[in-house]
Amino acid sequence: MNIVTVLILVIIADICGDTLYYSIGRWGGAWIFKKINLSQARLESLRLHFLNHGGKTIALGKISHGLGWPTMVGAGSARMHYGYF
């Protein structure tokens, strides 16, 4: 196997997975947060956090085992701009 090809495919697969979790948060986040009884004030706090510290939060979520998918869902729910995401 060509290592460059494998590397490119792994990066594309990672981006696709992150995009899926982001999309779940973006279009299903209101339903998810309603199910876990998250208040509107708390959701607004989440949005402000991702507005001010989105890059750091996503970087921490990506390197932390098990926290990647909730971070991506949270970014989508906070309506973080996809280009910045």
Side-chain angles (χ1 to χ4, degrees):
M1 283 193 252
N2 184 348
I3 190 73
V4 175
T5 304
V6 171
L7 181 64
I8 290 170
L9 289 175
V10 167
I11 291 171
I12 290 171
D14 186 51
I15 291 171
C16 289
D18 291 349
T19 300
L20 176 68
Y21 286 127
Y22 175 87
S23 299
I24 289 169
R26 179 82 177 203
W27 289 286
W31 179 82
I32 292 168
F33 289 132
K34 184 178 175 185
K35 285 291 191 188
I36 62 172
N37 294 323
L38 188 71
S39 69
Q40 191 63 31
R42 189 71 175 145
L43 183 57
E44 187 58 33
S45 173
L46 177 71
R47 286 186 180 142
L48 287 174
H49 177 80
F50 272 99
L51 179 66
N52 296 323
H53 306 287
K56 292 183 278 189
T57 303
I58 288 180
L60 183 64
K62 289 296 290 176
I63 63 172
S64 300
H65 183 70
L67 294 179
W69 72 268
T71 304
M72 303 309 147
V73 172
S77 299
R79 303 281 196 253
M80 185 177 188
H81 188 273
Y82 184 78
Y84 186 65
F85 168 78

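For the single chain, residues carry numbers from 1 onward in sequence order.
Atom OG1 of Thr57 and atom CG of Asn52 lie 9.5 Å apart (nearest 0.5 Å). In this structure, the separation between CG on Leu43 and CG on Leu48 is 10.0 Å, given to the nearest 0.5 Å. We find the CD1-OG1 distance between Ile24 and Thr19 to be 11.0 Å, quoted to the nearest 0.5 Å. Taken from NE2 in His49 to NZ in Lys56, the straight-line distance is 8.0 Å, to the nearest 0.5 Å. A distance of 13.0 Å separates SG in Cys16 from OH in Tyr21, rounded to the nearest 0.5 Å. We find the CE-OH distance between Met72 and Tyr22 to be 11.5 Å, quoted to the nearest 0.5 Å.
Side-chain contact between Arg42 and Leu46 is absent, with no heavy atoms from C-beta onward closer than 4.5 Å. Contact of the Leu60 side chain with the Thr71 side chain is not registered, since no non-hydrogen atoms from C-beta on lie closer than 4.5 Å.
In terms of modelled atom types and a separation under 3.5 Å, the side chain of Arg79 and the main chain of Arg47 share no donor-acceptor contact. Side-chain N or O atoms of Ser77 include none that pairs as donor or acceptor with a backbone N or O of Arg26 at under 3.5 Å.
Its side chain within the 4.5 Å cluster rule, Val6 clusters with Met1, Val10 among the Ile, Leu, Val, Met, Phe, Trp and Tyr residues. Cluster partners of Ile8, by chain and number: Ile3, Val4, Ile12. The rule joins Ile, Leu, Val, Met, Phe, Trp and Tyr whenever side-chain heavy atoms lie under 4.5 Å apart.
Listed by first and then second residue, the side-chain hydrogen bond (donor to acceptor under 3.5 Å, both in side chains) pairs involving residues 6-18 are Asp14-Lys62, Asp18-Lys62 (not counting sequence neighbours).
Under the 4.5 Å side-chain heavy-atom criterion for Ile, Leu, Val, Met, Phe, Trp and Tyr, Ile58 and Leu67 are members of distinct hydrophobic clusters.
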